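Predicted model, so just to flag it, every value in this text is computed and none were measured. Just the heavy atoms: all of them, side chains too, but no hydrogens, waters or symmetry mates, feed the values below.
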Amino acid sequence: MLRNTGRISTVLLLLAALGASAPAVVAAPRPLAFTAVDSLGADSRAILSILQDRQGFVWIGTIEGGLFRHDGHKQVRFLSDPSNPASLPGGRVTSLFEDEKGQLWVGTDEGLARFDPVTNGFVRYLPKEGPANARIIRRIISDNRGGMWLATWGGLQHFDPRSGAFLIYQHEESRPDSLQFNDVNAVAVDNKGGVWASTWPSGLDYLPAGASGFQHFRIDDAARPNPKANDVRALYFDSATTLWIGTADGVYTWKFGQPWEQRTLMPVAAKRVTDIDEDRAGDVWISTRTAGLIRYDRELRQFQSYRHRAEDAHSLNSDAINTTMRDRAGTLWVGSLTDGVSRANLGYHGFERFVPRDIEPDFVKSSNFVRSIGAAANGQLWLALDDGLALFDPVKRDMVRTYSAIPKREGALSSNVIYSTYHAPDGTLWVGTSEGLNRLDKPDGPFKVIRFGSKTSNFVNSIAPGKDGVLWLATGAALLRYDPASGATESFTHDPKDPDSRSVNGATTVIEDRAGRVWTGEFYRGGGLDMRDPVTGKFRHFRHDPNNPASLSSDRVSTMHLDADGSMWIGTSKGLNHVVAGKDGKFSVTRIQEKGELGTRLIEAIRTDKNGFIWVTTAAGMSKIDPASWTVTEYAVEDGLTEGFYMDSAANSSDGLLYFGSSSGVTAVNPSIHSSASRPPQLAITDLRVLNRSLGNGALPEGVQLEGTLTQPRALTVPWSANTISFEFAALHYAEPRRNAYTYWLEGFDKQPVQADASRPVATYTNLAPGKYHFHLQGTNNKGVAARDEIILPVTITPPPWETGWARAAQAVLMLGAAAILARWLMRRWRARARELEALLADRNEELRKAQHKLAYLSASDSLTGLANRRNFDDQLVREWRRAARDEQPLAMGLIALQQLDVYQELHGQIATDELLRQVAQTLKHCMHRAGDTLARYGSDQFAFLAPGVDADAAHLLLRQIGGGLEACGLPRQGAGSLRFSVAARIASPYQEASVLQQAAEEALHQQYGQPLQTSEVEG
């Protein structure tokens, strides 16, 4: 029998229990990027429990904020309502549990409840007797026999969900083998069915399987009493049958079956432990109230600590952690006491973030912006920061040496605005700044500043080594060839009379390839890509040709990279390009625009790893390209990246790692670490709405039948009069929910599948004809992995009563009976009456039709101006886009903004403002007179139009008409509160999505905002 006294053993006994071979120590944690789940609301920041159910939904229990069912896009909130017995019993949701049947059980401060997915309500369960404190539930766990153990502040309870019976264990003064105290905060079950309960403030009570009496164990050493050690708040048996004990004074472990004296105090700072959990990888996660989150990494056999760091936006959101949960796709959910829920992707280990101000705040005072990265010796890096230059050791996370520009000090950097560095093989460091080229021969020596005449010539954007020790410098005024040995400089600029000269004067990036060809481009002035032939000295030009897909994707070159095969990768403002030299001296250009999220995005930086994979940074994150198969893998902040990658800020270090600079620090890529395979998402219907009313809110509308539950429907029947049906859905994969995507179609209505993204996971249908349909749904996760199972939901639209078979049969029988009974004169009379009834029915049908049309009009129009509203406009944009793409016709979209409308309203009042908006709407109606045009109120001070079939010239004419109409309508144009108008339009491309057209029009309007009316533009 276990004894309740003894000494604390050494750490080596713990290592034997955990299967470790080295001392357990706190080590630098495996990098994790935490992302806040910030949509729960300001009153729901204190989290007590998190669980993922069998279907894939994540349930989040809060302190007084109720219970949330989260799907990655939105959440449904369940609150306690004293007047509703089917609501939550209490607002404090302390524990969540899913039984072997998939039923969700909720522990609150007012008792136990089971969620009923059919009614979207709760069924309450309370013991028939016992103190009021017995309702305060702290933990729920399985007894491994279909029942549950409940830790409450009124004793330990066993609950049988099949019978609804409670068995309560409480302290009895007359029984030494009863519970020591009734405040039970945690409970665990060992592999023999024995129950361990923490009874504050006395340690642990143990109830062997089949026994009726408890054994008592104290956590501290009797010779050295420690009340905090006996304050146990968390218990967990891991997969190795080791009991983890979380106390107010640290974490203890004990191997089940060993003498109690061999319990061990873990050598980790984990005061006030609140929860302990084990994930599927065998790692143990320890939540603490003051020390953040601690991980026992079973593979590394180390403890790792995750804390909140003010300079790192993707560190832990708080140091006060209440609970953790790892979902089936490998996402870690962390619930805090003060700052809500955050997520971290555990499946990707090849990335690490370095935040300069977090590492060296005394030097890095301005920001975490890393404008440029250069490779140094021994795996170290040169970082160009807003406060100067730093030699950084990523292994030690240490700024080894720093340099700053000091005015009027000889030997200092010429400027802290650094755009490029080059560490030459001979040890010389070259630094390109906004005020010249800097040379450093020894780490502790002075800088020598080399200047090239004009201010723009001294603006050194990029440095590239060339043959014979020369340097190629991309400057604001020219491409320079600089010979450090002689000091000679040769300048290459644009000569209008020489077609073989540069395209433009300045340069932002430059590379010399192995054949001695020099490649250069300029981002801000455009001009395309220039290549200097080493034999002739002439420049060859590669430019964008809208009619040639084998041309450069844009003339604005942002970055360049030479891969191991000698081919060039060119990043532009509109996508990535691959340039390969042929044997005949010709070059082929391939646009990489159909791969993943690269598309036509601005390419920030490009690098090749030692395995030949191409790594590209964009505003959306990072992409890895396999040149052999052209497969693309996308990564984002949730995978461990920094945010805001910067143009040409990248380097390959000598140890094979890649580094990319951004506005928030440095991202390190270790290509040798392979990410775990992404799991397919679980698809779910999240809501069904009929006439914009959720079927989860109480009784179903008349005529609506739902088989199954709201989130797992088997069939839906809707009457013909309910002419608006919406299906809301989600791919329950939470690594990056914003990148989940969907394909849906209503068989029997849609002619082809419809694409949807995570921003609007809903399909709406109106005025469906009576009949049978099938709603199909497929989805993919953030890595493009599709769900294994497609959702297929049968949908039936029932006909009106007068179109049913029984109604028609009844009419026939009535007519035959009347013909047999009534005389001919009665027949004529009946026919007259029938005609009256038909006329009346026609009138009623016409009234119903008008009412339906009026309702449809009201839901699709703006009540003030009478124009289409924003939702109607968005739907029309998608339909017109598909038609334009199918017929290969242009589509123009325009935006009209009323500037200073708020000032006008303050001066003249709301009534005058409304009249002004109606006046503008009428003016625009006169300008948009074609039948196929769409005019809508786009926002509070914006209007929008769609013009199908309008090309660039016609769009110019239309804009002039609109501008003239607005000028002529006599709107206020002078003085305080005056109004000005900006107009912008874009022409659609069949190779883009509708959202691109909308975004382009908005960006164009933003660029013109505040400009005179005549500055509006149209682009093809």
**Message:** side-chain contact (heavy atoms from CB on, under 4.5 Å), that's the test. Do R280 and R328 meet it? Break it down for me.
**Reply:** CA-CA 8 Å; R280 288 176 176 79; R328 287 185 288 277; 3.2 Å; yes
**Request:** Can you see which heavy atom on M399 is nearest to which on L385, and at what distance?
**Result:** CE-CD1, 4.5 Å
**Request:** Without swapping roles, check the side chain of S366 against the backbone of D386 for a donor-acceptor pair under 3.5 Å.
**Result:** no
**Prompt:** Does the pair N781 and R679 meet the rule for a side chain to side chain donor-acceptor pair (under 3.5 Å), with working shown?
**Reply:** CA-CA 8 Å; N781 65 12; R679 291 175 60 92; over 6 Å; no
**Asked** Any side-chain heavy-atom pair from L332 and D279 closer than 4.5 angstrom?
**Response** no
**Message:** Test side-chain contact (heavy atoms from CB on, under 4.5 Å) on V431 and L440; report intermediate values, then the result.
**Reply:** CA-CA 8 Å; V431 183; L440 183 69; 6.0 Å; no
**Asked** Sub-3.5 Å donor-acceptor pair from the side chain of R353 to the main-chain atoms of H314, do we have one?
**Response** yes
**Complete:** Closest heavy-atom pair, D648 versus T559, reported as atoms and distance to 0.1 Å, is OD1-OG1, 2.6 Å
**Request:** Taking the six-membered ring for Trp and the full ring for Phe, Tyr or His, determine whether the centres of F447 and W430 are under 6.0 Å apart.
**Result:** no
**Request:** Go through the side-chain N and O atoms of S287 and T323 and say whether any donor and acceptor fall under 3.5 Å apart.
**Result:** no
**Prompt:** Do you know the tightest heavy-atom contact between L96 and W59?
**Reply:** CD1-O, 3.5 Å
**Request:** Could you grab the distance from atom CD1 of I63 to atom OG1 of T338, nearest 0.5 Å is fine?
**Result:** 10.0 Å
**Request:** Indicate yes or no for a side-chain donor-acceptor contact from T62 to the backbone of G66 under 3.5 Å, with no hydrogens or angles considered.
**Result:** yes
**Asked** How about E736 and N782: does a side-chain donor come under 3.5 Å of a side-chain acceptor?
**Response** yes
**Prompt:** Charged N to carboxylate O below 4.0 Å: is that the case for R738 and E638?
**Reply:** yes
**Asked** How about D393 and Q380: do any of their side-chain heavy atoms sit closer than 4.5 Å?
**Response** yes
**Prompt:** Between A405 and P407, which heavy-atom pair has the shortest distance, and what is it?
**Reply:** O-CD, 3.9 Å
**Prompt:** Does the side chain of H733 reach to within under 4.5 Å of the side chain of S678, using non-hydrogen atoms?
**Reply:** yes
**Asked** Are the side chain of E278 and the backbone of S239 linked by a donor-acceptor contact shorter than 3.5 Å?
**Response** yes
**Prompt:** Using 4.0 Å as the upper bound for N to carboxylate O, is an ion pair formed by R69 and D71?
**Reply:** no
**E311 backbone acceptor or donor facing D358 side chain under 3.5 Å** = no
**Request:** Kindly indicate, with the supporting measurements, whether the criterion side chain to side chain donor-acceptor pair (under 3.5 Å) is fulfilled by T667 and T642.
**Result:** CA-CA 6 Å; T667 295; T642 54; 2.8 Å; yes
**Message:** Does the Lys NZ or Arg CZ of R607 fall within the cation-pi geometry relative to F660 - under 6.0 Å from the ring centre and within 45° of the axis?
**Reply:** no
**Message:** Whether the side chain of R45 engages the backbone of D339 through a donor-acceptor N/O pair (distance < 3.5 Å, no angle test) should be reported.
**Reply:** yes
**Side-chain (Y403) to main-chain (P443) donor-acceptor, under 3.5 angstrom** = yes
**Request:** Look up atom CD1 in I373 and atom OG in S420, then write down how far apart they are to the nearest 0.5 Å.
**Result:** 13.0 Å
**Asked** Taking all non-hydrogen atoms of both residues, which atom of H308 and which atom of L316 are closest, and how far apart?
**Response** ND1-O, 2.8 Å
**Item:** Heavy-atom side-chain proximity of F392 to P356 below 4.5 angstrom
**Value:** no
**Request:** Check whether any side-chain N or O of R298 sits under 3.5 Å from a backbone N or O of G282 as a donor-acceptor pair, and report yes or no.
**Result:** yes
**Item:** T331 side chain vs A344 backbone, donor-acceptor pair below 3.5 Å
**Value:** no
**Request:** May I ask you to establish whether R343 and W333 are in a cation-pi arrangement, using a distance under 6.0 Å from NZ or CZ to the six-membered ring centre and at most 45° from the ring axis?
**Result:** yes
**Prompt:** With D319, which of R289, R307, R272 fulfils salt bridge (charged side-chain N to carboxylate O under 4.0 Å, His left out)?
**Reply:** R307
**Message:** The test is side chain to side chain donor-acceptor pair (under 3.5 Å); show your working for N368 and S663 and say whether it passes.
**Reply:** CA-CA 6 Å; N368 291 309; S663 60; over 6 Å; no
**Closest contact, heavy atoms only, P671 versus L657** = CD-CA, 4.4 Å
**Request:** Could you tell me whether the side chain of E604 and the main chain of M647 form a donor-acceptor pair under 3.5 Å?
**Result:** yes
**Item:** Cation over ring face, R263 and Y252, 6.0 Å, 45°
**Value:** no
**Request:** Answer with yes or no whether the side chains of D387 and N416 bring together a donor and an acceptor at under 3.5 Å.
**Result:** no
**Request:** Inspect the surroundings of NZ in K228 and state if more than 12 heavy atoms from other residues, nucleotides or ligands are less than 6.0 Å away.
**Result:** no
